[in-house]
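For the single chain, residues carry numbers from 1 onward in sequence order. Quick caveat, the model's predicted, so the values are computed rather than measured.
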Amino acid sequence: MFNKNIYLRYVLAGLPIVLGTPALAQTYPAKPVRVIVPFPAGGGLDMIVRTVTQKMGDNLRQAFVIENRGGANGIVGMDAGAKSAPDGYTLVTATTGSLTINPNVHAKMPFDAVRDLPPVTNFGEAPFVLVCHPSLAARNPRELVALAKSRPNELNYGSPGVGGINHLGMELFAQLSGGLRLTHITFKGSAPLLIDVMGGHVMLAFDSIQATSPHIKNGRLRALGLAAQKRSPVAPDMQTITEAGGPAGYELISWYGLFAPGGTPGDIIARAHAEAAKALASSDVRDRLIATGVTPVGNTPAEFAAVIKADLAKWGKVVKVAGVKVE
């Protein structure tokens, strides 16, 4: 015999499945979300994360609380995120270098970069620029390669540390240019590095478009090329390294991503991605990121996972050829 009340209970119980939206994701987030930034406050990643999550919080009417937990080039904070409860109420951020270079240069990592930190989305990307002191007798990558081959080990370059993206970006450039022999000098950060390049104590460096643009404009640095596949809207007149005669397809880009602890339900990751993509599509967020040299992305978890897989392989090859290891 048909029982309307029992039928109604079954229909209501199955409604989230019928609609294709799990009930858990419908209510998420129901309380503040902690977002770990594995670097000190004030850096590039910190600014991007605060900009996007502020918009996410406004849209959801829920707080996204930033927790800066620096140390070991991002490893400390990412490890804390990887070991957090997989309920969507702790998310963690990372950069190209911290997530895909670290596993290749460190003999042992406290977490698995793929298994323990499933991607949510890529907030945005920023290309590096190959810069030199204006006195260097090379005005483009082609001339630089010829000069370096004629003077092996005489040209020096700087980076904020062994095994970082700036260092390995130059190693990649050297490898793709036929095996250039350059002398590497390390610094305690990007600021002192650029000061020494501008002072003529160091000849070459790869650094972000955000950090280098003001000095290129005032003539204290010379840009040899943008390390990207296409020109940047921030500096549309700057040729890419390939356009300017450098290695074909050369690219050095830092992405800024959002991740969840391993085991976080897929519907929660999908909801977090949808909200991040919505925030990135808003004109105020896009304008603010683009003004600092960052191109908003907002790709899907699957698309971002493919990028990460490719980067792990790319940097693994560079590290193996260069023999770089960090203890």
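Residue-environment remark: NZ (Lys325) exceeds the threshold of 12 foreign heavy atoms within 6.0 Å. Atom CZ of Arg288 has 12 or fewer neighbouring heavy atoms from other residues, nucleotides or ligands inside a 6.0 Å radius. By the neighbour-count criterion of 12 heavy atoms within 6.0 Å, atom CZ of Arg151 is densely surrounded, having more than that number from other residues, nucleotides or ligands.
Side-chain atoms of Glu171 never come within 3.5 Å of backbone atoms of Val319 as a donor-acceptor pair (strictly under, hydrogens ignored). Judged by distance alone, the side chain of Glu243 and the main-chain N or O of Thr240 form a donor-acceptor pair under 3.5 Å. The closest donor-acceptor contact from the side chain of Thr93 to the backbone of Gly257 lies at 3.5 Å or more, if one exists at all. Formation of a donor-acceptor pair under 3.5 Å by the Asp116 side chain with backbone atoms of Ala82 is not found in this model. With hydrogens and angles disregarded, no donor-acceptor distance shorter than 3.5 Å links the side chain of Ser177 to the backbone of Val145.
The aromatic rings of His167 and His184 lie parallel to each other, their planes meeting at an angle below 30°, with 60° marking the opposite boundary.
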TODO: Output, in order, the C-alpha distance, side-chain angles, deciding distance and verdict of ring pair (Phe, Tyr, Trp, His ring centres under 6.0 Å) for Phe304 and Trp255.
DONE: CA-CA 10 Å; Phe304 195 18; Trp255 47 250; 5.0 Å; yes
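Counting only residues at least two apart or in different chains, ring pair (Phe, Tyr, Trp, His ring centres under 6.0 Å) contacts with residues 38-95 comprise Tyr28-Tyr89. Residue pairs satisfying the side chain to side chain donor-acceptor pair (under 3.5 Å) criterion with at least one member in residues 214-227, sequence neighbours excluded, are absent. For residues 235-254, the pairs satisfying ring pair (Phe, Tyr, Trp, His ring centres under 6.0 Å) are Phe173-Tyr250, Phe206-Tyr250, with sequence neighbours left out.
You'll find the side chain of Leu204 reaches within 4.5 Å of the side chain of Leu136, heavy atoms only. In this structure, the side chains of Thr121 and Pro301 stay at 4.5 Å or more apart for every pair of heavy atoms. Contact check for Leu172 versus Lys317: no side-chain heavy atoms found under the 4.5 Å cut-off. Residues Phe187 and Pro160 form no side-chain contact, since every pair of their non-hydrogen atoms from C-beta on lies 4.5 Å or further apart. Looking at heavy atoms from C-beta onward, Val114 lies in side-chain contact with Leu312 at the 4.5 angstrom threshold.
A salt bridge does not link Asp267 with Arg271: every distance from a Lys NZ or Arg NE/NH1/NH2 to an Asp or Glu carboxylate oxygen is 4.0 Å or more. Using a cut-off of 4.0 Å between Lys/Arg side-chain N and Asp/Glu carboxylate O, Glu275 and Lys55 are scored as not salt-bridged.
Results of the side chain to side chain donor-acceptor pair (under 3.5 Å) test with Ser98 over Asn102, Thr95, Thr100, Thr96 single out Thr95 as the only residue that passes.
Ser190 and Asp207 share a donor-acceptor pair across their side chains, judged by distance under 3.5 Å alone.
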